[in-house]
Amino acid sequence: MKVVFLGTPEFAKTSLETIHKSHHQVVGVVTVADKASGRGQKISQSPVKIFAAENNIPVFQPEKLRNPEFLEDLRKLDADVFVVVAFRMMPKILFEMPKIGTFNLHASLLPDYRGAAPINYAIINGEEKSGATTFFINEKIDEGNILLQEEIPVLKNENAGSLHDRLMEMGAKLVVKTLDGLAENSITEKPQPQVEHPKNAYKIFKEDTKIDWSKTSKEIHQFILGMSPYPAAFTTLKIGEEEKGLKIFGGKFELSNHGKRAGTLDISKNDFKIYTKDGIYFPLELQLEGKKRMNIKDFLNGFRNFDEIKMA
């Protein structure tokens, strides 16, 4: 089939590459506009654009998806289907354009975890399984008819980065499997089950990444794993008179009746403990504001006067 692919990050690029290697033909790619980033304001391109350019696939980067010229250019491609992976909201005039329709790859077992951060929330909530779903796009967010769905187990102490990478590879294969099924007319789309209290995956903002030390050790552990490596969970230390953010990427915990107030810090040359509601959390991978990411041993070696360090 003739495919137009819409996506932006590395997660999407893997699906694009897998379609490109298949017997389907990618006739065009739609991705985010190039933007300046970093100290030198160097122009950066999305992973999807870079792959498309390297493989001579036409690239479209409209500021507005309703732009008449852009829409006319897409119509001329005469695609059978649009495939969407990690892209923005689309207007009806766009997703209804291809003959077969437009389907999306979502990194969850829909209807659970609709929204922008399904992988993070699956880890945060301690799910034992996750997966990916392909579904036809309609006017409601992540609520279209399901085409195909596959699940994978969430590994013990797995973080969001690891699950992301596994779902990225699995999802790319599911996209091609969906294209094959649509081409052969062997897929029966089915409405998503009605769930009274679906688990949501709202977009994560900076304020959402702060660690709440009053929660249980297990909840804190899962929260940190679910935010690792990005956007990263953080707490705030007071070092002398200065407050500094501390990102924590991973650690371990033990349960105990310590009798100390949750959030109390106990730090020395050989140890870093933070007391929780029902135990102790031991950070193992950290990054102090203004410093690089490091393991706990190197982190502790960077201090001399531990009496100056407190939880803010």
Side-chain angles (χ1 to χ4, degrees), residues 36-42 44 116-117 119-126 155-165 202-312:
S37 62
R39 288 183 182 176
Q41 289 295 284
K42 184 179 177 183
S44 65
I119 297 172
N120 303 91
Y121 281 101
I123 298 288
I124 288 168
N125 291 338
L155 307 177
K156 187 176 181 181
N157 292 321
E158 183 165 33
N159 68 15
S162 167
L163 182 58
H164 168 281
D165 292 350
Y202 303 116
K203 186 175 180 179
I204 297 170
F205 296 96
K206 171 67 175 176
E207 58 267 25
D208 301 320
T209 64
K210 188 168 186 180
I211 302 165
D212 181 356
W213 295 107
S214 70
K215 293 195 171 182
T216 68
S217 299
K218 177 69 173 174
E219 287 170 335
I220 291 166
H221 180 64
Q222 291 302 141
F223 180 79
I224 289 169
L225 291 175
M227 293 291 180
S228 179
Y230 183 83
F234 83 99
T235 193
T236 308
L237 293 184
K238 189 168 185 182
I239 305 172
E241 295 302 312
E242 191 177 10
E243 287 193 0
K244 285 200 170 186
L246 177 72
K247 292 180 179 178
I248 303 177
F249 298 95
K252 61 182 181 178
F253 69 91
E254 64 180 40
L255 302 179
S256 69
N257 295 318
H258 47 68
K260 298 204 176 188
R261 183 172 58 84
T264 301
L265 176 67
D266 186 355
I267 186 168
S268 66
K269 187 172 81 169
N270 300 312
D271 223 350
F272 189 139
K273 303 176 184 176
I274 304 171
Y275 293 94
T276 69
K277 179 179 183 178
D278 62 351
I280 305 169
Y281 185 81
F282 301 86
L284 297 177
E285 290 280 339
L286 315 94
Q287 183 176 12
L288 189 64
E289 189 178 332
K291 303 286 185 179
K292 66 179 183 178
R293 178 174 169 173
M294 59 187 75
N295 62 41
I296 188 62
K297 183 178 178 182
D298 292 338
F299 179 85
L300 293 175
N301 283 341
F303 292 102
R304 295 193 178 183
N305 190 353
F306 291 101
D307 292 336
E308 290 186 357
I309 306 169
K310 305 278 187 287
M311 289 288 274

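These numbers come from a predicted model, not from an experiment. Side chains are part of it too, since the values below use all heavy atoms of this structure and drop only hydrogens, waters and symmetry mates.
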Query - Residues Asn295, Glu285; criterion side chain to side chain contact (heavy atoms under 4.5 Å, CB included); working and verdict - result: CA-CA 5 Å; Asn295 62 41; Glu285 290 280 339; 4.1 Å; yes
Requested in this report: Show your reasoning for whether side chain to side chain contact (heavy atoms under 4.5 Å, CB included) applies to Tyr230 and Asn120.
Outcome: CA-CA 9 Å; Tyr230 183 83; Asn120 303 91; over 6 Å; no
Query - side chain to side chain contact (heavy atoms under 4.5 Å, CB included) between Leu237 and Met311, worked out - result: CA-CA 5 Å; Leu237 293 184; Met311 289 288 274; 3.7 Å; yes
**Report entry** CA sep, side-chain torsions, deciding dist, call: Lys291, Gln287, side chain to side chain donor-acceptor pair (under 3.5 Å)
**Finding:** CA-CA 6 Å; Lys291 303 286 185 179; Gln287 183 176 12; over 6 Å; no
Query raised in the report: Glu219 and Phe223: side chain to side chain contact (heavy atoms under 4.5 Å, CB included), yes or no, with the steps?
Result: CA-CA 6 Å; Glu219 287 170 335; Phe223 180 79; over 6 Å; no
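Leu288 CG to Lys244 NZ: the interatomic distance, rounded to the nearest 0.5 Å, is 5.5 Å. One distance of note links CD1 of Ile123 with NE2 of His164; it measures 12.5 Å at 0.5 Å rounding. Residue Glu241 holds its CD atom at 9.0 Å from CD of Glu308, rounded to the nearest 0.5 Å. In this structure, CD1 in Ile309 is found 11.5 Å from CG in Asp266, a value given to the nearest 0.5 Å. Here the CD1 atom belonging to Ile220 is positioned 12.0 Å from the CG atom belonging to Leu225, to the nearest 0.5 angstrom. Here Thr236 contributes atom OG1 and Glu289 contributes atom CD; the two are 8.5 Å apart, rounded to the nearest 0.5 Å.
Listed by first and then second residue, the ring pair (Phe, Tyr, Trp, His ring centres under 6.0 Å) pairs that reach into residues 292-312 are Phe272-Phe299, Phe299-Phe303, sequence neighbours excluded.
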Identify each donor-acceptor pair in which a side-chain atom of residues 246-264 lies under 3.5 Å from a protein atom, sequence neighbours left out, and give them as a table.
unit_1 : atom_1 : unit_2 : atom_2 : d
His258 : ND1    : Lys260 : N      : 2.9
His258 : ND1    : Lys260 : O      : 3.4
His258 : NE2    : Thr276 : O      : 2.8
His258 : NE2    : Gly279 : O      : 3.0
Thr264 : OG1    : Arg261 : O      : 2.6

List the atom pairs, donor and acceptor, that lie under 3.5 Å between side-chain atoms in residues 203-212 and the rest of the protein, sequence neighbours left out.
unit_1 : atom_1 : unit_2 : atom_2 : d
Asp208 : OD2    : Phe205 : N      : 2.8
Thr209 : OG1    : Lys206 : O      : 2.7
Asp212 : OD1    : Ser214 : N      : 3.0
Asp212 : OD1    : Ser214 : OG     : 2.6
Asp212 : OD2    : Ser214 : OG     : 3.4

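No hydrogens or angles considered: nothing links the side chains of Thr216 and Asp278 as a donor-acceptor pair under 3.5 Å.
Two residues are said to be in side-chain contact when any heavy atoms from C-beta on lie closer than 4.5 Å; Phe282 and Lys273 meet this criterion.
Judged purely by atom type and a 3.5 angstrom limit, Gln222 has no side-chain atom pairing as donor or acceptor with the backbone of Asn125.
Here the closest heavy-atom approach between residue Glu158 and residue Ser162 is recorded as OE2-OG, 2.6 Å. Contact record, Leu300 with Ser268: CD2-O, 3.6 Å, taken as the closest heavy-atom pair. Between Gly226 and Ala160, the shortest heavy-atom distance links the atoms O-CB, 3.4 Å.
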